[in-house]
Participant: 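Quick one: structure below, then a few questions.
Naming: A, B, ... by sequence-line order, numbering from 1 per chain.
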Amino acid sequence: MRRLRPSLWLFLLATSGAVAAEHRFPPPEFEAGHKLPITTTPEARALAWQYVDLAVLLGALGLALWLIYRRRSRRGVMWLSIFSLGYFGFYRNGCICAIGTIQNLALGIFDRSYALPLTVLGFFLAPLVVALFGGRAFCAAVCPHGALQDLVLVKPVKVPGWLEHSLGLVPFLFLGAGAAFAATGSAFIICRYDPFVPLFRLSGSMSLIGLGAAFVLVGLFVGRPYCRFLCPYGALLRLAGLVSKWRVRVTPDYCTQCKLCEHACPYGAMREPVAAPTHPEPPARQRRRLAWLLLVLPLAVGGGALVGRQLAPLAARMHPTVALAELYTEHLSSPKKFPPMTPEALSLERAEADPKALLAAAADLRGRFGIASTWFGAWVGLVIVIKLIALSLRPARTDYEPDRGACVACARCFESCPNERVRRGLLPPEALPPRPLPAAPVAMKKA
Amino acid sequence: MNPGPTTPAFSRRQFLRDGLRLSAVAGAAGLAGAMAGRTQAQTTVWQIDPAKCVRCGNCATKCVLEQSAVKCVHAFDICGYCQLCTGYFEPEPNELTTAAENQQCPTAAIKRTFVEDPYYEYEIDENLCIGCAKCVEGCTRFGNGSLYLQIRHDRCLNCNECAIARTCPGDAFRRVPVTHPYLLKTDTH
Amino acid sequence: MATAPDSPVYRTAVSTAWVAGVFLVVVAGAMLYQRLTANSNDPWKSPQLLELKEQLRASPKDEKIKERIRELDLKFRQRYVRRLALTRTGGWLLLGGSVILVVALATAMETRKVQPLPRPDPTAGDRAQRDRAVARRAVGVAGAAVAVVMVGAAATLRSPPTVGDRGGAGAAAEAAKAAVAPLPPASEFAANWPQFRGPGGSGVATAAEVPLSWNGASGAGVAWKTPVPEPGFNSPIVWGDRIFCSGGTREKRVVMCFDLATGRLRWDRVIEKVPGAPAQAPEISDQTGYAAPTMATDGVRAYAIFATGELAAVNFDGSLAWAKHLGVPKNLYGHATSLAVWQGRVIVQLDQGESGPANSRIMAFDGVSGKQLWEKARSVPGSWSSPIVIEAAGKTQIIALGDPLVTAYAAGDGAEPWRAELPGGEVTPSPAFVGGLVLAVNPHNALLALKPDGAGDVTASHVAWKAEDDVPDVTSPVGNDELVFTVTSDGKLLCFDVKTGARVWMHELKQEVQASPAIAGGRLYLIGSNGVTIVAAVAREFKELARNELGEKIVASPAFVRGKIILRGLENLYCLAGETPKPGTP
Amino acid sequence: MSTPSENSGFSRRRFVERLARGSVVAGAAAVARGALQAAETNPFAYDVGPLAKTDPAWVNWHEVKRWSVGGRAPRRLAFGPGDVLHVAAESQVLRFNREGAALPPLATTGAVTCVAVAGDGTVYASLRDHLEVFAPGGGRSAAWESPGPRTWISSLALGHGGLWAADSGARVILRYDLGGKLLGRIGAREPGRNVPGLVVPSPFLDVKVHPDGLLRVNNPGRHRFEAYTADGECEGTWGAPTAAIKGFCGCCNPIALAVLPDGRMVTCEKGLPRVKVYDAAGELAGVVAGTESFPANMKAGGAPGRGGLDAAVDSAGRVHVLDRVTATVHVFAPGKAGA
């Protein structure tokens, strides 16, 4: 608070001077000496609470890391999930959340006049940096969206691989669209179409509540449908997880190849060891495919950019100013009569007051959308072809291990592993088959 | 698979991963540094600029809350304490009484009390007010404009993207510092 | 480990789940019902209440209605408050119910959980390879679907609005302003030279003082001379301190604006990318060129049409208000009919075809938006005559010539009050309105003076007089309340009595004339193609008052405004403001 | 692709089933929402549209001229000798001759609220809290002392050998002699003398001297205008509150008065900007201009500092109306348009 003083004083000086110079027309003098009531101004949530939020976030992230890597405790992760759901979800109404901060950041980068609150930057960066080193600990138990879905999962169903991979494109496209709309200052679509925030608030538009309910219903059977198939921040964390320094390891010792962990994972994130196919695809064909895809990559990016550019006028309508300008020009050519005092009639009045400025602003925005949607188109091409390339590379794996990107570190697999059970003293060591190969390097020490 | 030959591949991947991670961390740090100049310690909240408000009624219907966080507030020192308050009464009231047919507030959220001849005081019951701006229009059209809309921060959830702001025909919503969360009228005549 | 399916824990969990489920459905249903009926039960939306208030307005003394309003108002307000309360509590009830449901379901699932006993899969390698191939294909299909959606969305939006884009923003704003700005009054029109042959289109200037003599070689009497960058046979028009004319080639069509005081080119505006216009302009004969039609202005915008069929409205600041393509006119020599304006509308006579009708029509467009207001088909082939707008017989009429018809149209809606037959051949001279008579010319037949108050076919009934010899072939007639003058392209100048049609005199100018004669400052101005202007007295005998050399070929008709003459030579624009003797002194 | 266990098929079917069910729910919600949005009019509209229409039968004046005064924030009009129009605008008194051509303005020391001109050409211009006097030549000759802290002078009138100033802030009419001496206050609430008191919610109190020798003062909070003797006796009141054309609309009208040569009163209203004429009995004698003549003013509303009209009558009996929003003077002459 102390640091705020100078700016506060400046603000007061700037406004109070003007107020003092003004003379307000005096209200009536009441003979009976009636005193005028004072207009109340309930305070907004105090700034200090923003720092509490940030502290809770950092604390929860640290605790999640500890629970996942040290304690290897599903129960602990679950209780942290419940806490996060309660705090960030139902107490803080799902707002502030790291998912939405993508947009604030995108807007902040492109709009120099937009001041980014410190906490927003913190909420964006902290989970990301954690993911770069320790995987998606944020998704595991800190994000209220993830926590909600994780907790309602009662009967996980395996999503077929092809569907998983295809739908897995959506978060990246949503990320691109969200950033593009935010960067042009037109809309925060990630927040607007967030299915869970209305549930946290117990209030919202019917369609969004319905969407949230639908996600929860699907989430009873499909693990974390939002995280896997929509969440744009999850897409970012997935990328971060791919290069993370430490990762979740199922077995504390060596892999017995029992496949139990694969069954335990509800999110399709467990990868089996690579086995040689009986009829391997000729390597030449694989190489040719890869070469083709590498060739297609720039074409797809360029083509996407071209198509994206064409989308600019459509996308620009998302901006209220452009929408108003279009309503106005349409009104000029074929006048429409709106009932008096309706929002449409009133916004047209605003347009008519200074059409030149409005149309100039709209033209400027269209120009910005031209750039943004070009980038978006290129991003779409890039995402699709990179995904195809990734599916064309042969992985090298000797053990069952969670996919670095897909694993949300929910800690369910740990207790499925016989080696872990031995470690916890739930199984006698003799129950295990003998160590098949020399020990593979283990990143984290056993507890 | 034989672990022997895979070891170099593994370390190659490891190297790649380390490099990518390093650049990602550097990127994040760079971003943080670049934005640091533009970040501000204090956060902001939404507020309505009464000078731009066009009294369209969106505040009552577009808020994500069942009952809008926008309420009518009354600047008592601008009020004329009129007997015939155009904010309180229908445009052409039947009588100047508090009967339902004369009041224009759909939820009867304005309280009218007699002060002394010919002055009456008007107060807003915020538990009933839905922020529809009907009274605001009446007061602004004929009167002093002492009734106007403000976002009440004890109710506002401070959405990242205010649902009313994006449909506001007057472009009256903007973010203000949390330390000065109201845009109160300071009209001179 | 696995509990028996009918264990008490399982049964309890399942029944709890059922109860919780039913509870959730009931609560959600109640909340949904409240929301859906809010429309008619919220105090501000109830049609019942609104209706009652309306009734009270009709009968303000009816106590019963008042009572009913108070009752309903209270009821609906109570209901609203209850709804708010239910939403709040309902939300928490739903949350609680959901927690119980999920816990019960999870418990039930837990009790029935069967520990998997996976076995080694010898086909794992093949399966993985196959799965990857399927996934590749699926991702490929999904990617293609995304691409199709994007391309489809882009395709549905091929034509962004012409106004409002980067270049047109100013134009649209101007148009908006113009839409609000009232048109200048009639007196302004009379003081300017808003269209071909001036206000009213009959070649008579209101200006009292007009230069009598000048010399292009010595520069005497020439206020300024400016080269016109783009060629065109159209005549200049003037409004305020602006001179407008158009020019065009196959490559580009241009509207130009010059400063009346200095002759400086204020701006030029290329008319391009007109929606619907062919990418390559059609070929037009050099005899007529791309810009033969004279522009017109209503004091807010200037309008131009080109032989390519492009019609454009340009704001006074040079921004484009709108432009449209009317189809390439099928015209043997090239479209040359000028525009007329009336009350902010542009009148376009678009006669085309070689012999017999071929989509000839006359149209009126709204000057602000360019929207077509009316259109009438014309059963005539191509013509080169320009329509005029006259006030006669209590109506505003548009007079248009064609072969074989003189047609009057109501300016408001295009209805046709009267027509007269005047067969002959190619029609080039424009009509004139002189002394209450419409003068119509068919070069191969006659000069007709028609009374404009008829109805239907007036060929037999409303011809005041007729002259059949030395009928003008290119230029249009001009006259005052007493006399009418015509001139043929080979220089035969005739004078008629406007009342009787009797020929008063004839004079051989001995020079070729393409520009239509005009009366200004009480004198007759006859401009020869060689650039020599003969000024004659408007009198019952021919009297040459001055003979002025310009030194440049001229086909365009002059514009007279506030003591100045604007002349367009083939290459230059001239402003003549020479010695101006008082009218009447020779 | 999937684990070769028995219940995987079952689960997949269930999965598809659930997906379908979820989408049906979402779809139904969307449809319900669409139904809710069908309403096209604004249920919260405070609609004065029907009240703003003027019955043409009442309009028996027509506009002959309109011109812009060009100044910022004009407030009040007054005619001087030779029909020179004086306009109080910002910190100037703008002056225009009969043809509307601008004459040199007078500069005041602050925002001028109203102006009055004596027969010899002396200009009395009032700022919010005090008066300034300009000699007929144009030079500032005096500034008078402010009568009190609440003072907010909104109108001036010359008569009874002195100057009357309408003090909206103190809700009284001040009486000055021409030397600037405050002689007294009238109009304050005095139940004993049957003076009801001026109710002035906003600074629009106006005072005019009528040919019958009485003052005419508007009492906007009571929707009427009143007649006072120079001693402060209230001699009569006219007007009633209604948005209909016969009365005064809104919460505080009329806001300005003017006197026609025949003694009839011209009134101006805000909110529904209209100018009307009342005869000696206080009956509506005709409408000079309805809301249709002042569309921008109508849009701006009547809140102080936003809208409002003022009127003055020239020697020929034409009514000059100042539209504060567009800073335009409209000139109206008697007789229906086109007649």
Participant: Under a 4.5 Å heavy-atom cut-off, does chain B meet the side chain of Leu348(A), its backbone, both or neither?
Facilitator: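 Neither the backbone nor the side chain of Leu348(A) comes within 4.5 Å of chain B.
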
Participant: Would you mind checking which part of Thr40(A) comes under 4.5 Å of any heavy atom in chain B, side chain (CB onward), backbone (N, CA, C, O), both or neither?
Facilitator: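 When you check distances to chain B, atoms from both the backbone and side chain of Thr40(A) fall under 4.5 Å.
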
Participant: Yes or no on side chain to side chain contact (heavy atoms under 4.5 Å, CB included) for Arg17(B) and Lys245(A), after CA distance, side-chain angles and deciding distance?
Facilitator: CA-CA 8 Å; Arg17(B) 195 169 284 146; Lys245(A) 190 165 176 68; over 6 Å; no

Participant: Side chain, backbone, both or neither: which part of Asp194(A) has an atom under 4.5 Å from a heavy atom of chain B?
Facilitator: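 No part of it gets close to chain B.
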
Participant: Please check this pair: side chain of Tyr81(B) against backbone of Phe30(A), looking for a donor-acceptor N/O pair closer than 3.5 Å.
Facilitator: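 Not a single qualifying donor-acceptor pair exists.
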
Participant: Determine, stepwise, if the pair Asp171(B) / Arg350(A) fulfils side chain to side chain contact (heavy atoms under 4.5 Å, CB included).
Facilitator: CA-CA 9 Å; Asp171(B) 196 19; Arg350(A) 176 160 65 97; 3.6 Å; yes

Participant: Give, as side chain, backbone, both or neither, the part of Ala323(A) having an atom under 4.5 angstrom from any heavy atom of chain B.
Facilitator: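 Nothing of Ala323(A), per the 4.5 Å heavy-atom cut-off to chain B.
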
Participant: Rounded to the nearest 0.5 Å, how far does OG1 of Thr39(A) lie from CZ of Phe76(B)?
Facilitator: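 One finds 5.5 Å between CZ of Phe76(B) and OG1 of Thr39(A).
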
Participant: Please report the interatomic distance CG(Asn160(B)) to CG(Asn104(A)), rounded to the nearest 0.5 Å.
Facilitator: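 The distance works out to 4.0 Å.
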
Participant: Please report the interatomic distance CZ(Phe181(A)) to CD(Glu161(B)), rounded to the nearest 0.5 Å.
Facilitator: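 So the gap between those two atoms works out to 11.0 Å.
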
Participant: Among Glu344(A), Arg112(A), Glu349(A), which has the most heavy-atom pairs under 4.5 Å with chain B?
Facilitator: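 Most pairs with chain B among the choices: Arg112(A).
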
Participant: With a 4.5 angstrom heavy-atom cut-off, could you sort out which part of Leu125(A) is near chain B: side chain, backbone, both or neither?
Facilitator: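 Just its side chain gets close to chain B.
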
Participant: Gln103(A) versus chain B, heavy atoms under 4.5 Å apart: side chain, backbone, both or neither?
Facilitator: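 Just the side chain, heavy atoms under 4.5 Å.
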
Participant: Only pairs of heavy atoms separated by less than 4.5 Å count here; which of Cys191(A), Pro343(A), Ala115(A), Cys97(A) has the most with chain B?
Facilitator: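 Highest number of heavy-atom pairs under 4.5 Å: Pro343(A).
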
Participant: With chain B as the partner, which of Ile96(A), Leu239(A), Leu202(A), Ile109(A) has the greatest number of non-hydrogen pairs under 4.5 Å?
Facilitator: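 The residue among Ile96(A), Leu239(A), Leu202(A), Ile109(A) with the greatest pair count is Ile109(A).
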
Participant: Quick check on Pro37(A) against chain B: is it the side chain, the backbone, both or neither that has a heavy atom closer than 4.5 Å?
Facilitator: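 It is both, since atoms from each part get that close.
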
Participant: Between atom CG of Asn58(B) and atom OG of Ser347(A), what is the distance when rounded to the nearest 0.5 Å?
Facilitator: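 OG of Ser347(A) is found 9.0 Å from CG of Asn58(B).
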
Participant: Report the C-alpha separation of Arg45(A) and Cys156(B) in whole Å, then their side-chain angles, then the decisive distance to 0.1 Å, and conclude whether the side chain to side chain contact (heavy atoms under 4.5 Å, CB included) test is met.
Facilitator: CA-CA 10 Å; Arg45(A) 195 166 175 276; Cys156(B) 177; over 6 Å; no

Participant: Of the listed residues (Val25(B), Thr167(B), Val45(B)), which shares the most heavy-atom pairs with chain A below a 4.5 Å separation?
Facilitator: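 Among Val25(B), Thr167(B), Val45(B), the one with the most close pairs to chain A is Val25(B).
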
Participant: Using heavy-atom distances under 4.5 Å, tell me whether Arg152(B) contacts chain A through its side chain, its backbone, both, or neither.
Facilitator: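 The side chain, not the backbone.
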
Participant: Can you tell me how far the CG atom of Leu118(A) sits from the CE atom of Met35(B), to the nearest 0.5 Å?
Facilitator: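 Reported to 0.5 Å precision, the distance equals 11.0 Å.
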
Participant: Give a yes or no on whether the backbone of Pro117(A) and the side-chain of Thr43(B) come within a donor-acceptor separation of less than 3.5 Å.
Facilitator: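 No, because the side chain of Thr43(B) does not come within donor-acceptor range (under 3.5 Å) of the backbone of Pro117(A).
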
Participant: Can you tell me how far apart CZ (Arg21(B)) and CZ (Phe133(A)) are? Round to the nearest 0.5 Å.
Facilitator: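 Going from CZ on Arg21(B) over to CZ on Phe133(A), the span is 6.0 Å.
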
Participant: Counting only heavy atoms closer than 4.5 Å, note whether Leu121(A) contacts chain B via side chain, backbone, both or neither.
Facilitator: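 Only the side chain of Leu121(A) comes within 4.5 Å of chain B.
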
Participant: Restricting to non-hydrogen atoms, name the atom on Cys95(A) and the atom on Cys159(B) that form the minimum distance, rounded to 0.1 Å.
Facilitator: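 Closest heavy-atom pair between Cys95(A) and Cys159(B): SG-CA, 4.1 Å.
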
